[in-house]
Amino acid sequence: MGQRDWPDQRRNPNYGYRRVYCELQKTGHTINIKKVHRLFKKYHWQVTSFTRKSRKYHSYRGEGKNMAPNRINRRFFTCIPHQKITTDTNEFKYYALTSKGNVIIKKLYLDLIWICITVRSFRIP
């Protein structure tokens, strides 16, 4: 099997090793898919136009240097109003159209504030 038997990478830059394997099978060549995968790894033929569209959000970047002390210690309820206030940030993705009609992914952040209080023990004077 010579170099000319491979599908043209300039004409088909989006062909991965599975698609190249199928094209070689269609032309009548018998080659193992593992061999095609090894050649792709050896010559660094990688499709860059396709990526994972949805990735999980990971904000962890190692140990924090200036971390606030844990003063709540999972005791969220209190009798005094506004004594314990906690926050949380959520990230939402949505699609928007540009002026040219292209679809882009934008992010929306929602900051929640909880005021921890036990309602039964709170008395209105």
Side-chain angles (χ1 to χ4, degrees):
M1 184 167 67
Q3 182 69 19
R4 71 182 89 156
D5 296 334
W6 285 84
D8 190 14
Q9 287 292 103
R10 286 168 285 156
R11 205 170 38 141
N12 301 313
N14 298 331
Y15 275 21
Y17 75 95
R18 290 186 180 119
R19 203 161 174 189
V20 167
Y21 171 72
C22 290
E23 290 293 321
L24 289 172
Q25 292 293 326
K26 287 179 187 175
T27 56
H29 294 90
T30 55
I31 187 171
N32 195 344
I33 191 168
K34 293 178 185 177
K35 179 71 172 179
V36 177
H37 190 240
R38 280 194 298 265
L39 289 172
F40 264 69
K41 285 171 66 174
K42 180 180 178 182
Y43 295 112
H44 303 288
W45 294 335
Q46 186 174 3
V47 179
T48 57
S49 59
F50 296 110
T51 59
R52 276 182 59 191
K53 292 190 177 182
S54 61
R55 296 180 187 267
K56 290 187 177 181
Y57 177 71
H58 300 289
S59 63
Y60 181 75
R61 293 185 182 178
E63 292 293 326
K65 294 180 181 177
N66 300 327
M67 189 177 291
N70 184 7
R71 297 186 184 185
I72 292 184
N73 293 326
R74 302 204 51 85
R75 294 172 296 175
F76 296 110
F77 301 107
T78 181
C79 300
I80 303 168
H82 300 290
Q83 183 183 28
K84 296 180 182 179
I85 299 174
T86 59
T87 62
D88 186 24
T89 303
N90 293 323
E91 177 189 67
F92 298 99
K93 294 181 183 177
Y94 66 96
Y95 298 97
L97 288 174
T98 61
S99 60
K100 295 181 180 179
N102 297 333
V103 177
I104 59 172
I105 298 175
K106 290 195 171 185
K107 295 180 181 178
L108 175 73
Y109 294 97
L110 177 66
D111 293 327
L112 300 174
I113 298 174
W114 289 293
I115 301 172
C116 301
I117 188 168
T118 306
V119 178
R120 289 178 291 190
S121 61
F122 178 67
R123 296 181 190 168
I124 298 176

K.L.:
So, taking the atom named NZ in Lys100 and the one named OG1 in Thr98, what distance separates them when rounded to the nearest 0.5 Å?
P.N.:
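With rounding to 0.5 Å, NZ (Lys100) is 7.5 Å from OG1 (Thr98).
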
K.L.:
As a quick check of understanding, evaluate side-chain contact (heavy atoms from CB on, under 4.5 Å) for Leu97 and Asn102, giving each step before the final call.
P.N.:
CA-CA 5 Å; Leu97 288 174; Asn102 297 333; over 6 Å; no

K.L.:
Atom OG1 of Thr78 and atom CD of Gln83: how far apart are they, to the nearest 0.5 Å?
P.N.:
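It comes to 3.5 Å.
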
K.L.:
Show, in sequence, the C-alpha distance, side-chain angles and deciding distance for Asn90 and Tyr109, and conclude whether the side-chain contact (heavy atoms from CB on, under 4.5 Å) test is met.
P.N.:
CA-CA 6 Å; Asn90 293 323; Tyr109 294 97; over 6 Å; no

K.L.:
With Tyr43, which residues qualify under ring pair (Phe, Tyr, Trp, His ring centres under 6.0 Å), at least two apart?
P.N.:
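With sequence neighbours excluded, Tyr43 shows a ring pair (Phe, Tyr, Trp, His ring centres under 6.0 Å) to Trp45, given in chain and number order.
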
K.L.:
Got a sec, which residues hit ring pair (Phe, Tyr, Trp, His ring centres under 6.0 Å) with Tyr21, two or more places apart in sequence or on another chain?
P.N.:
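Applying ring pair (Phe, Tyr, Trp, His ring centres under 6.0 Å) to Tyr21 gives none.
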
K.L.:
Run the side-chain contact (heavy atoms from CB on, under 4.5 Å) test on Arg38 and Lys42 for me, step by step, so that the C-alpha distance in whole Å, both residues' side-chain angles and the decisive distance to 0.1 Å come before the verdict.
P.N.:
CA-CA 6 Å; Arg38 280 194 298 265; Lys42 180 180 178 182; over 6 Å; no

K.L.:
Heavy-atom distance under 4.5 Å between the side chains of Asp111 and Thr87, does that happen here?
P.N.:
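In short, these two side chains do not touch, never coming nearer than 4.5 Å.
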
K.L.:
Minimum heavy-atom separation for Thr30 to Gln25, with atom names?
P.N.:
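Looking at all heavy atoms of both residues, the closest pair is CA-NE2, 4.5 Å.
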
K.L.:
State, to 0.1 Å, how close Tyr15 and Phe40 come at their nearest heavy-atom pair, and which atoms those are.
P.N.:
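In terms of heavy atoms, the two residues are closest at O-CE2, 3.9 Å.
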
K.L.:
Which is it for Ile85 and Trp114 under the side-chain contact (heavy atoms from CB on, under 4.5 Å) test, yes or no, and what are the steps along the way?
P.N.:
CA-CA 6 Å; Ile85 299 174; Trp114 289 293; over 6 Å; no

K.L.:
Is it the case that atom OH in Tyr95 sees more than 12 heavy atoms from other parts of the structure closer than 6.0 Å?
P.N.:
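Not buried by this count: 12 neighbours or fewer within 6.0 Å.
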
K.L.:
Quick one: side chain to side chain contact (heavy atoms under 4.5 Å, CB included) partners of Lys26, sequence neighbours excluded?
P.N.:
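Checked Lys26 against side chain to side chain contact (heavy atoms under 4.5 Å, CB included); matches are Glu23.
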
K.L.:
Can you list every pair that meets salt bridge (Lys or Arg N to Asp or Glu O under 4.0 Å) and has a residue in residues 78-87, with sequence neighbours left out?
P.N.:
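Sorted pair list comes back empty.
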
K.L.:
State which residues pass side-chain hydrogen bond (donor to acceptor under 3.5 Å, both in side chains) with Ser99; sequence neighbours excluded, sorted by chain then number.
P.N.:
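Ser99: no side-chain hydrogen bond (donor to acceptor under 3.5 Å, both in side chains) contacts found.
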
K.L.:
May I ask you to decide if Gly16's main-chain N or O and Arg19's side chain share a donor-acceptor pair within less than 3.5 Å?
P.N.:
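Answer holds: no.
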
K.L.:
State the CD-CG distance between Glu91 and Leu108, to the nearest 0.5 angstrom.
P.N.:
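Spacing of CD (Glu91) from CG (Leu108) equals 9.5 Å.
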
K.L.:
Side chains of Lys106 and Ile104, heavy atoms from C-beta outward: is any pair under 4.5 Å?
P.N.:
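The answer is yes, as the side chains (C-beta and beyond) meet within the 4.5 Å cut-off.
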
K.L.:
Check whether Asn32 reaches the backbone of Lys35 with its side chain - one donor and one acceptor, N or O, closer than 3.5 Å.
P.N.:
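Absent.
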
K.L.:
Applying salt bridge (Lys or Arg N to Asp or Glu O under 4.0 Å), can you list everything that pairs with Lys34, at least two apart in sequence or on another chain?
P.N.:
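Scan of Lys34 (salt bridge (Lys or Arg N to Asp or Glu O under 4.0 Å), adjacent residues dropped) gives none.
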
